[in-house]
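In what follows, a structure is listed as structure tokens, so that the remarks can point back to it.
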Amino acid sequence: MPKSDFLRVFEERGFIHQCSDLEGLDALAASGPVSGYIGFDCTAPSLHVGSLLQIMMLRWMQKTGHRPIALMGSGTTRVGDPSGKDESRKVLSEADIEANKNGIRTVFDRFLDFGSGPTGALMVDNADWLLGLNYISFLRDVGRHVSVNQMIQRDSVRMRLEREQHLSFLEFNYMVLQGYDFVELARRFGCRLQLGGSDQWGNIISGIDLGRRMENVELFALTSPLITTASGAKMGKTAAGAVWLNADLVSPYEYWQFWRNTEDADVGRFLRLFTDLPLDEIARLEALGGAEINEAKKVLATEATALLHGRAAAGEASEAARRTFEEGTRADALPTITVAEADLAAGIGVLGLFVQAGLMSSNGEARRAIRGGGLRINDTAVTDEKAVVSAVDLAEGAIKLSHGRKKHVLVRAG
RNA sequence: GGGGGAGUGUCCCGAGCGGCAAAGGGGGCGGACUGUAAAUCCGCUGGCGUACGCCUUCGUAGGUUCGAGUCCUACCUCCCCCA
């Protein structure tokens, strides 16, 4: 049983997959505040649920008396992490990377306290030290300490070699750069720990080696398990795309719905990982059987949404869901679009309207959905593709469009 | 540099004698059943159009053909072997 609050909480909640030196880290954490970091790629304008686990780890670090560092990887994103990928993807422009970084960073304010004390969170960008590197100097200062012998022992590399698959020098170097990040953070902020997903193990370990050789400092690695749903699906992907964390991409209501639709078998695990609720409360919720487990799912949804979007928004989402699904009445907090009053007066074709509402991506899809009985207007199934929606359909100022049982959008004139 | 193999429906994998909007999976969405769950069964899974229909898709660009994913040429990318 770990002595430090930090590792005890991590263990109890299921954040630990692998650690380079559990006892050593435990002793370090028990002796005082530790700085630990996680790197985030800038490949998209927002993080998605897949990164939430990492963010929660930073959060718990802080809550247990340590200093979390969020590293924006705008430098390494210029190279691209090959881990777990068959081939490299398209290269992002520097402007895109910069824009992505700005989109991503806003989320952290919700989860971390960037105060100035010893446990105040930090946000840094590895572009600050990577972009200015000189190739020859880097080789002399850093490259001399990097052991290729050890690097080729790493799982990711060894597997490629054994299977005689191509491994480019570029891919090989990503590991070195990430390792160098760790050393740089150790130098600048006394950072001793790097956290990450289990796929990052090799990259993190190379940083530990580098730290020992260059700075003679002992660094630590702690990875989290890969989170899949009980049915084996990767987390956070839906047909509409990833479940983004930024509110302009996925509204609090939609975010709440995402969690509400958790599989039974995942509820307990997700409560531990993605909420702050105390463990005894989670144990109680998890024990609920049959349809009662739905209560636990609502708690999960509200707590997770509150963390990201605030308690008020979570409450609204919850209330909107209650009205929509339990009372069968309309909730004004549902996602809403506005159409010009004149257009509505003139009448709008159903197909186009569903596309405008974002529920359908093309007229053809809408047509097919209607044939399959999947679309409803004001809770009445649409049977005619040629139907026209107009102001007559307004009920209490809005028209409710539905795709399936779960997705609803309100249309208002304006 | 030489030799061999491969790139298919913009989610993935993957069939494809010259007539193909292109088999089959997986995934996803919808319907039924449920508890906004899972499992199961059924349907859908290029764009436009009310419609006979039109348009765009098989790495890229040309060519041969009434007609090309399918044949030819060049190029690009990837993989393997040899140098």
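Just the heavy atoms: all of them, side chains too, but no hydrogens, waters or symmetry mates, feed the values below.
- Figure legend. B:A38 is base-paired to no nucleotide; pairs are counted as Watson-Crick or G-U wobble with both atom distances under 3.5 Å.
- For the pair A:K407 and B:C29, the criterion of a side-chain N or O lying under 4.0 Å from OP1 or OP2 is not met.
- At the phosphate of B:G35, neither OP1 nor OP2 sits under 4.0 Å from any side-chain N or O atom of A:K406.
- Of all nucleotides listed (B:U36, B:C48, B:A37), B:U36 comes nearest to the side chain of A:F325.
- Shown are A:V9, A:L195, A:L222; of these, the side-chain contact (heavy atoms from CB on, under 4.5 Å) with A:M61 is made only by A:L195.
- Rounded to whole Å, atom P of B:G30 lies 10 Å from atom CG of A:L359.
- Nucleotide B:A68 has no partner under the Watson-Crick or G-U criteria, as no pair reaches both atom distances under 3.5 Å.
- Residue-to-nucleotide proximity on RNA chain B shows that, of A:M360 and A:K386, the 5′-proximal contact is made by A:M360.
- Of all nucleotides listed (B:U36, B:G35, B:C44), B:C44 comes nearest to the side chain of A:R368.
- Listed candidates were B:G49, B:U36, B:G30. Nearest to the side chain of A:R367 is B:G49.
- Nucleic acid contact for A:T324: none, since no nucleic acid atom lies under 4.0 Å from a heavy atom of the residue.
- Taking atom CZ of A:F258 as the reference point, atom P of B:A37 lies 14 Å away to the nearest angstrom.
- In terms of position on RNA chain B, the residue among A:W256 and A:S361 whose nearest nucleotide sits closer to the 5' end is A:W256.
- Nucleotides B:U8 and B:A22, compared at atom C1', are 9 Å apart to the nearest Å.
- Between the side chain of A:D26 and the main chain of A:S4, a donor-acceptor pair closer than 3.5 Å is present.
- Contact annotation: A:S362 side-chain N/O to B:G46 OP1/OP2 distance is not under 4.0 Å.
- For A:H403, whose side chain is taken as the heavy atoms from C-beta onward, the closest listed nucleotide among B:G49, B:G30, B:A37 is B:G30.
- What separates CZ of A:F270 from C1' of B:A37 is a distance of 12 Å, to the nearest Å.
- In the set B:A51, B:U36, B:G35, the nucleotide with an atom closest to the side chain of A:A291 is B:G35.
- Scanning atom types as modelled, no donor and acceptor separated by under 3.5 angstrom connect the side chain of A:E385 and the base of B:U50.
- Residue A:L375 is out of contact with every strand shown, counting any heavy-atom pair closer than 4.0 Å.
- More than 12 heavy atoms of other residues, nucleotides or ligands shown are found within 6.0 angstrom of CD on A:E12.
- We find that CG of A:N363 is positioned 20 Å from P of B:C44, with the value rounded to whole Å.
- Phosphate proximity of B:A37 to A:R405: absent, as no side-chain N or O sits under 4.0 Å from OP1 or OP2.
- With hydrogens and angles left out, the side chain of A:D264 and the base of B:G35 share a donor-acceptor pair within 3.5 Å.
- Applying the 4.0 Å criterion to OP1 and OP2 of B:A37, one finds that A:T262 has every side-chain N and O outside that range.
- For A:N294, taking side-chain heavy atoms from C-beta onward, the closest of the listed nucleotides B:A51, B:G35, B:A37 is B:G35.
- Around CD of A:E396, the count of heavy atoms belonging to other residues, nucleotides or ligands within 6.0 Å does not exceed 12.
- Annotation: B:G18 and B:U70 have their C1' atoms spaced 6 Å apart (nearest Å).
- Under 3.5 Å, the side chains of A:T302 and A:W256 contain a donor-acceptor pair of N or O atoms.
- Looking at heavy-atom distances under 4.0 Å, A:E292 makes no contact with the nucleic acid at all.
- Between A:E286 and A:R269, none of the side-chain N atoms (NZ, or NE/NH1/NH2) sits under 4.0 Å from a carboxylate O, so this pair counts as no salt bridge.
- Pairing for B:C78 goes to B:G5, judged as Watson-Crick or G-U wobble with the two contacts each under 3.5 Å.
- Residue A:K298 is classed as having no contact, given no heavy-atom separation below 4.0 Å to the nucleic acid.
- Syn is the glycosidic conformation of B:C20, whose angle stays within 90° of 0.
- Between the side chain of A:R311 and the main chain of A:A306, no donor-acceptor pair closer than 3.5 Å is present.
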